[in-house]
Every structure is written in structure tokens, then in C-alpha cells.
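In this text the structure is predicted, and so the values were computed from the model without any measurement. The basis for the numbers below is simple: all heavy atoms, side chains too, and nothing from hydrogens, waters or symmetry mates. This chain uses plain numbering: 1 for the first residue, then up along the sequence. Counting convention: from 1, in listed order, for ligands and their atoms alike.
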Amino acid sequence: MRRPLVAGNWKMNGNLKSIHALVEELKRGIDQVGEVDVAVMPPFVYIPEVTRLLKDSRIAVGAQNMSRHAAGAFTGEVSGEMLKEFGCRYAIIGHSERRANYGETDEKAARKVVGVKERGLIPILCVGETLMEHERGNTYGVVKRQVDAVLDFFGVEMFRGTVIAYEPVWAIGTGKTATPEIAQSVHSFIRDRLAERNEAIANEVRIIYGGSVKASNAAALFAMPDIDGGLVGGASLDAREFLSICKAAAQ
Ligand code: PGA
């Protein structure tokens, strides 16, 4: 049995005041949430504060990005050692916003997955097709290329303990969600792709869904056999919504 994971990607949102309020409400509500791993990904600067606030909580903290380098002349970047020092457990890699706006290629994302694992953190590798790719019927081709970038260069072992997030770009922040059936079919495609190399790893790997996940659609998505939780953007900024999504994943 794979333990579900719900991760809240706060993106570049919030301030000290709003983050305090959000975290306090999450801490109050998390006891009513069953068997599920829960994590939040604040902007870098707020990570120390959020890990401090969540010190005795089961809610883990992650980063939205990470440099693959250990240290050195990389202006504006943050290393895995730094994230670990401040209690991070996860790092999102290859989010579509980083692929679209910051030149993060399949190859760069793959190298970062390696870097994250080397630092002892858990990568959440995002894959997913754009609207145009979706409309051209190229969903599986794109997702295959993104997964294969890791598989072909670094091998299936890289997926041991790694989380994959399928996030169709056309569903991110748009209010449009892939139907549970569409998402399930892509998730099972990804799992099959890994199974061709190593069945045990394919069965263990958590594949979570992202793209307009809300309290109202979470249960139907998470009921699918290959959907092991969610990567939640907008709805993770609302404690009640986020906790409801976590509850749905636990059921
Ligand atoms: P959304 O974002 O839930 O706001 O669609 C998801 C994501 O980008 O991870």
C-alpha cells in the first residue's frame, strides 16, 4: 500500500502575517486528518519560520525548487544542504512554471532529481503537458519524454523514494481539472513505464495529481487506483480547503 501524500505549493504568495495564520490553522486541524503524509512548500525566505512553527507537528516542509549544486558561485540559488539545515524534507523539481519561465529543461530537471536525492531529500518531479500538447493528443508523448529524461540518463533506481506529480499545465490555476479518468490513465501510463524497468519500484512510487485540486474534486481524484495524493496550489493557501483535501486523501 502506498501512503498518500498531499503537498501544498504556496508558490510566491503570502507574508509573515498570513503565513502565521495559515500555519496555526493547519496545526489546529491536522489531528482530524487520518493516514496521509502532509507537506507545505513556502517561498524560500519563509522556510525557517514555517519549520519553526511546525516543529512538533506532523506537517513536513519542502522547497519549491533547489539547486543541484552543493555550494559555490550560483547567484540566487539555494542548495539542498541549506534546505536540510532548515528542516526541509521535500523539493519540487521541474514545476511547469519553472519549465516555462526559467528555462528548466527535461535534462536540468533530471539532474536536479539526482541532486535532491544526493542531499537526502525527497524530490517531487513534476511532469505534464501544455494545453497545445493536450489538444494535439500528445499528452503521453510529453509525459514519456519527461519521465524518460530521468530513466535514460540515471536509471530507474532514481525513482526509488521519488514522488512524481502529474500536473497537466492546462489545469494549473485555471479551475479546469483533468477528469479522474483522464488523470488515472496518465498515472497508470507513468507507472507502466517504470514497471518496464522495475516492477517493485513502479509499485512503490507515489504519483500525485496537481492542477486545480479542491476540496470538492479531491475525493473523486484520490479514489483512482494510481492517484496517490495531490500537489495543491491555490487551495493550499486556504487552511480549511487544504485540510479537507488531506482528509479526502486519507480515506
Ligand atoms: P493549482 O496549482 O492547484 O493552483 O492549480 C497546482 C500547482 O501548480 O502545483
| request: Look at the rings of His187 and Tyr166 and say which category their plane angle falls in: under 30° parallel, 30 to 60° tilted, over 60° perpendicular. | output: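 If you compare the ring of His187 with that of Tyr166, the planes turn out perpendicular.
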| task | Could you tell me which non-hydrogen atom of Ala91 sits nearest to which non-hydrogen atom of Met66, and how far apart they are? | result |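 It is CB-CB, 4.2 Å.
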Tell me whether [X] at atom [atom1] has more than 12 heavy atoms from other residues, nucleotides or ligands lying less than 6.0 Å away.
{"X": "Arg240", "atom1": "CZ", "answer": "no"}
{"X": "Glu35", "atom1": "CD", "answer": "no"}
{"X": "Arg197", "atom1": "CZ", "answer": "yes"}

Just jot down the ligand 1 atoms closer than 4.0 angstrom to any heavy atom of [X], in number order.
{"X": "Gly234", "answer": "1 (P), 3 (O), 4 (O)"}
{"X": "Ala171", "answer": "5 (O)"}
{"X": "Ser212", "answer": "1 (P), 3 (O), 5 (O)"}

| said: Just to verify, which of Arg2, Arg58, Arg3 counts as forming a salt bridge (charged side-chain N to carboxylate O under 4.0 Å, His left out) with Asp37? | reply: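 Result: among Arg2, Arg58, Arg3, Arg3 is the only option passing the salt bridge (charged side-chain N to carboxylate O under 4.0 Å, His left out) with Asp37.
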| Which residue holds the protein heavy atom closest to atom 9 (O) of ligand 1, what is that atom called, and what is the gap in Å? |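 For atom 9 (O) of ligand 1, the nearest protein heavy atom comes out as Glu167 OE2, 2.7 Å.
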| query | Which residue supplies the protein heavy atom nearest to atom 3 (O) of ligand 1, what is that atom called, and how far is it? | reply |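 Checking every protein heavy atom, the shortest distance to atom 3 (O) of ligand 1 gives Gly233 N, 2.8 Å.
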| message | What I want to find out is whether Glu157 reaches Arg160 closely enough, with some N-O distance under 4.0 Å, to be called a salt bridge. | response |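 Yes, this pair counts.
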| Looking at Arg111 and Glu107, does any basic side-chain N land under 4.0 Å from a carboxylate oxygen? |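 So Arg111 pairs with Glu107 through a salt bridge.
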| field | Check: Val232 N/O within less than 3.5 Å of ligand 1 N/O | value |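 There is no such contact.
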| said: Under 3.5 Å between any N/O of Thr174 and any N/O of ligand 1: does that happen in this structure? | reply: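 No, there is no polar N/O contact under 3.5 Å.
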| said: Residue-level breakdown please: for Ala165 versus ligand 1, do any non-hydrogen atoms fall below 4.0 Å on the side chain, on the backbone, on both, or on neither? | reply: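 The answer is neither.
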| message | Applying a heavy-atom cut-off of 4.0 Å, say which part of Ile172 lies close to ligand 1: side chain, backbone, both or neither. | response |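 Within the 4.0 Å criterion, Ile172 contacts ligand 1 through backbone and side-chain atoms alike.
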| message | Is Gly211 close enough to touch ligand 1? Criterion: a residue heavy atom under 4.0 Å from a ligand atom. | response |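 Within the 4.0 Å threshold, so yes.
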| Heavy-atom gap Lys214 to ligand 1 smaller than 4.0 Å |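 Heavy atoms of Lys214 never come under 4.0 Å of ligand 1.
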